[in-house]
Asks: 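Got a structure for you, written out below as structure tokens; questions coming shortly.
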Amino acid sequence: MRGETDRLVDTGLIEGAVVDLVVRAANAATVVDAQRLVAELRGFSGVRTAEIVPALTPVVGDLDLLARMPVGPAQWGQELRVEFSAAPARVELMPAAAEIAAAADRALAQPCRAVPPPPMLGSPLAWAITTGARAMILAVDPGRGWSALSDSFTTVLGYDRHRPPDYRILDLIHPDDRPAAVAMFLACCTGRHPDRAVDLRLCTIGGHWRIIEVAARSFVDDARVGAVVFFGLDVTHQRETERTARLEQQRLARLVETTGDGLLMLDAGGRVSLANRAAHRLLDTGVTDGDAEPIDWSAVIARAIDRLGADAVRVERLRARFRTRSAVVGEELPFEDGRVLELDLVPVTGPGDVDGGTLVHLRDVTARVAVRRGLEERSRGLEERNQALVEATALNNEFIASVSHELRGPLSSVVAFSHLLGDVTTGVLSEDQRTYLDVIDRNANRLLRLIEDLLLLSRLEARTLQLKPVPTRLPELLAAAVAERAPAALAAGIDLVLDCADGPELVCDDTRVHQVVDNLVSNAVKFTPSGGRVTVRAGPVEPPGEGWAVAVADSGVGIPAADLPRLFSAFFRGSNVTAAVGRQVMPGTGLGLVVSRAIVELHGGSISVASIEGVGTTVTLSLPTRPARNGG
């Protein structure tokens with residue numbers, strides 16, 4: 001090739017043709033003229049290729065034999081690219097190439113402004129079809145200007161096509177899209193039709209951008225037309241929908257790939273069409289990324305089934321569900337190596353109830369199953385121990401009830417005979433004898449109260465105590481309980497006060513409620529120093545008719561904070577019960593609060609204690625208007 005070029009240059013066979021090409025390039029008026037000169041340049045023996053292309057088009061060939069000359073404004077990104085076959089040809093033909101590039105540059109610099117459309121183009125039918133077309137149709141005459149031929153130009157962009165704006169057509173196109181538009185126009189000026197449509201953003205009369213899918217047809221070689229015709233469809237909403245769909249698809253793809261659960265998509269024929277990394281990991285395919293060679297999924301699934309061991313029934317059941325397109329949720333598959341996978345089969349139905357295949361969801365639940373089995377074993381052990389505790393508690397209650405019953409008879413006799421001995425009709429006792437008798441009577445009564453509390457507590461714990469609810473006037477019940485403790489309070493120098501509002505009747509076991517109130521008032525008086533105060537305050541709660549609140553407050557020794565959590569434990573007594581209150585205090589049994597809470601809760605109520613050591617204690621009862629249940 002080099003020898004041929006040298007021969008041509010040496011003999012001067014192309015010199016005249018080059019000069020002629022330069023002269024005609026200097027006189028070229030339009031881009032069409034420039035493109036025809038480019039085609040002629042390609043015909044020279046020393047030229048391999050010559051074409052006006054986007055500057056970003058990849059460069060191929062020998063760079064030393066390649067000439068690149070800008071065409072049009074730099075922001076349009078076009079250039080004339082000529083590849084020569086040898087250095088002498090480059091030297092000989094470069095002036096012509098440069099002049100052609102200059103001609104194309106001048107032609108593109110000429111303003112291509114809007115001109116009114118012709119009143120008629122072709123037959124009336126063809127003109128009616130053109131003007132009424134859904135697509136925008138624009139004709140660009142390289143030497144005259146551009147015209148909008150269809151009314152869609154007005155409806156889409158807002159400009160009056162009959163009085164178009166005095167703009168270049170490129171002025172309507174987004175700056176970032178102008179290189180593509182110019183490249184399409186330059187291709188059409190060669191007489192060729194572009195292979196594909198491009199999306200261009202066009203500015204409306206209101207300043208908004210619309211996405212127009214533009215296709216072009218070249219009629220520059222047709223003497224009757226001599227123009228490039230562009231067809232544009234408004235696809236703004238379609239592109240936005242596609243963009244949203246792509247984003248959602250990307251998010252879904254990321255979600256599928258990053259989830260720790262295995263996902264397999266099987267088509268209607270049972271072939272795997274999608275598998276994420278977790279599925280490869282759980283099924284031991286050996287694939288660690290998405291670029292691996294296609295794998296034989298049927299073999300992978302067969303190996304997985306083999307590792308299930310002898311559980312043929314489970315496998316056949318799954319196969320039957322798959323064939324019948326039935327959903328499977330939470331099927332556990334224990335493998336011989338100790339792993340357990342949980343499987344879901346979800347049939348997928350496409351539009352029109354078309355079989356869309358089956359989604360297989362796999363989860364490694366080995367750890368969860370191990371925990372569950374451990375909990376089941378532990379639960380069985382707990383059930384056995386609970387049953388033993390229930391039996392032991394029942395025996396304990398039965399023993400307490402039996403012993404208490406056996407002790408109550410003799411103690412009752414002791415109390416009765418001590419009363420007889422103290423009666424003056426039975427004889428006169430000495431001072432020492434009366435003191436001894438008082439000790440016997442006091443301690444026998446204490447033991448009798450302890451036995452009564454034990455019997456009541458055992459019945460409460462065994463839920464055998466039956467309430468006997470009756471309509472009760474709570475103010476009267478409280479007044480009676482306070483009156484019973486008034487002598488003891490007076491003797492101790494304590495001010496005992498009742499502050500009770502009126503309210504609805506309380507349906508309760510009045511004997512048991514009286515027992516609770518008496519117990520609380522007795523405790524308050526017992527642990528309040530002389531000169532102190534005990535207040536029993538009661539009133540209906542809001543909303544009216546829902547229940548009563550009763551509070552027994554004292555200014556006594558209080559309860560240490562460390563003792564408060566154990567107040568309702570059987571036989572528990574506060575660490576400061578021996579604190580001086582200015583008088584001798586009879587020790588308690590440690591069962592009063594326990595029994596009181598059980599009675600209150602049996603009525604559906606609650607009891608709480610607030611206390612500050614050295615300041616006082618407040619015990620609050622909450623009782624519903626009617627008991628929630630009737631014991632047992």
Side-chain angles (χ1 to χ4, degrees), residues 54-57 72-73 75-78 108 111-117 121 126-142 145-189 192-219 227-255 350-351:
L56 296 178
T57 302
Q75 62 266 29
W76 293 356
Q78 305 298 318
L108 286 176
C112 182
R113 297 190 178 279
V115 295
L121 184 67
W127 186 239
I129 294 173
T130 300
T131 57
R134 174 171 170 261
M136 290 189 292
I137 303 176
L138 276 70
V140 180
D141 186 331
W146 65 273
S147 300
L149 305 182
S150 64
D151 293 334
S152 295
F153 179 80
T154 300
T155 57
V156 174
L157 300 180
Y159 306 103
D160 186 349
R161 76 178 186 90
H162 297 287
R163 290 182 294 277
D166 188 23
Y167 298 152
R168 297 180 305 171
I169 186 62
L170 284 177
D171 292 336
L172 301 179
I173 300 175
H174 194 283
D176 294 342
D177 295 343
R178 288 172 188 171
V182 172
M184 177 179 280
F185 176 67
L186 288 170
C188 289
C189 287
R192 302 193 310 270
H193 304 305
D195 296 332
R196 60 185 182 85
V198 297
D199 284 354
L200 302 177
R201 286 165 287 180
L202 270 64
C203 188
T204 68
I205 195 171
H208 304 292
W209 295 105
R210 307 293 296 178
I211 301 175
I212 309 299
E213 185 182 62
V214 178
R217 305 289 290 177
S218 177
F219 297 95
V228 177
V229 180
F230 293 92
F231 304 87
L233 288 173
D234 186 357
V235 293
T236 306
H237 295 303
Q238 178 182 337
R239 293 296 183 263
E240 181 61 29
T241 301
E242 292 171 353
R243 187 186 71 86
T244 302
R246 283 195 302 272
L247 290 175
E248 290 301 324
Q249 192 171 20
Q250 291 168 2
R251 292 193 190 100
L252 179 60
R254 286 195 296 270
L255 177 63

Asks: What distance separates D177 CG from R201 CZ, expressed to the nearest 0.5 Å?
Replies: 4.0 Å
Asks: A side-chain contact here means heavy atoms from C-beta on lying under 4.5 Å apart; do F185 and P142 qualify?
Replies: yes
Asks: Is there a side-chain contact between H162 and P117, using heavy atoms and a 4.5 Å cut-off?
Replies: yes
Asks: So which atom in C203 and which in Y159 form the shortest heavy-atom distance, rounded to 0.1 Å?
Replies: O-OH, 2.9 Å
Asks: Search all heavy atoms of V198 against all heavy atoms of M184 and return the closest pair with its distance.
Replies: CG2-CE, 3.4 Å
Asks: Hey, could you give me the CZ/CG distance between R210 and L233, rounded to the nearest 0.5 Å?
Replies: 12.5 Å
Asks: Where do S218 and H193 come nearest, in terms of heavy atoms and distance?
Replies: N-ND1, 2.9 Å
Asks: At what distance, to the nearest 0.5 angstrom, does OG of S152 lie from CD1 of I137?
Replies: 7.5 Å
Asks: Can you name the nearest heavy-atom pair linking Q78 to V182, along with the distance?
Replies: CG-CG1, 3.6 Å
Asks: Does some side-chain heavy atom of T131 sit less than 4.5 Å from a side-chain heavy atom of R161?
Replies: yes
Asks: To the nearest 0.5 Å, how far apart are CG in L157 and NE2 in H208?
Replies: 12.5 Å
Asks: For residues T244 and E240, determine if any side-chain heavy atom of one lies less than 4.5 Å from a side-chain heavy atom of the other.
Replies: yes
Asks: For a 4.5 angstrom cut-off between non-hydrogen side-chain atoms, does W76 reach L170?
Replies: yes
Asks: What pairs with R254 under side chain to side chain donor-acceptor pair (under 3.5 Å), at least two apart in sequence or on another chain?
Replies: none
Asks: ring-ring contact (aromatic ring centres under 6.0 Å, His included) with H174: which residues, sequence neighbours excluded?
Replies: W209
Asks: Go through F153 and W146 one step at a time and tell me if the ring pair (Phe, Tyr, Trp, His ring centres under 6.0 Å) criterion holds.
Replies: CA-CA 12 Å; F153 179 80; W146 65 273; 5.8 Å; yes
Asks: Considering non-hydrogen atoms only, spot the tightest contact between A135 and S150 and give its length.
Replies: O-OG, 3.0 Å
Asks: Going by heavy atoms in the side chains, are R163 and P116 under 4.5 Å from each other?
Replies: no
Asks: Within a 6.0 Å radius of atom CD on Q75, are there more than 12 heavy atoms belonging to other residues, nucleotides or ligands?
Replies: yes
Asks: Which value, rounded to the nearest 0.5 Å, describes the distance between D151 atom CG and T130 atom OG1?
Replies: 10.5 Å
Asks: For the residue pair P164 and S147, establish whether any side-chain heavy-atom pair is separated by less than 4.5 Å.
Replies: no
Asks: If I take atom CD1 from residue I173 and atom CG from residue D176, how far apart are they, to the nearest 0.5 angstrom?
Replies: 12.0 Å
Asks: Let me know which of I212, I211, D234 forms a side-chain contact (heavy atoms from CB on, under 4.5 Å) with R239.
Replies: I211
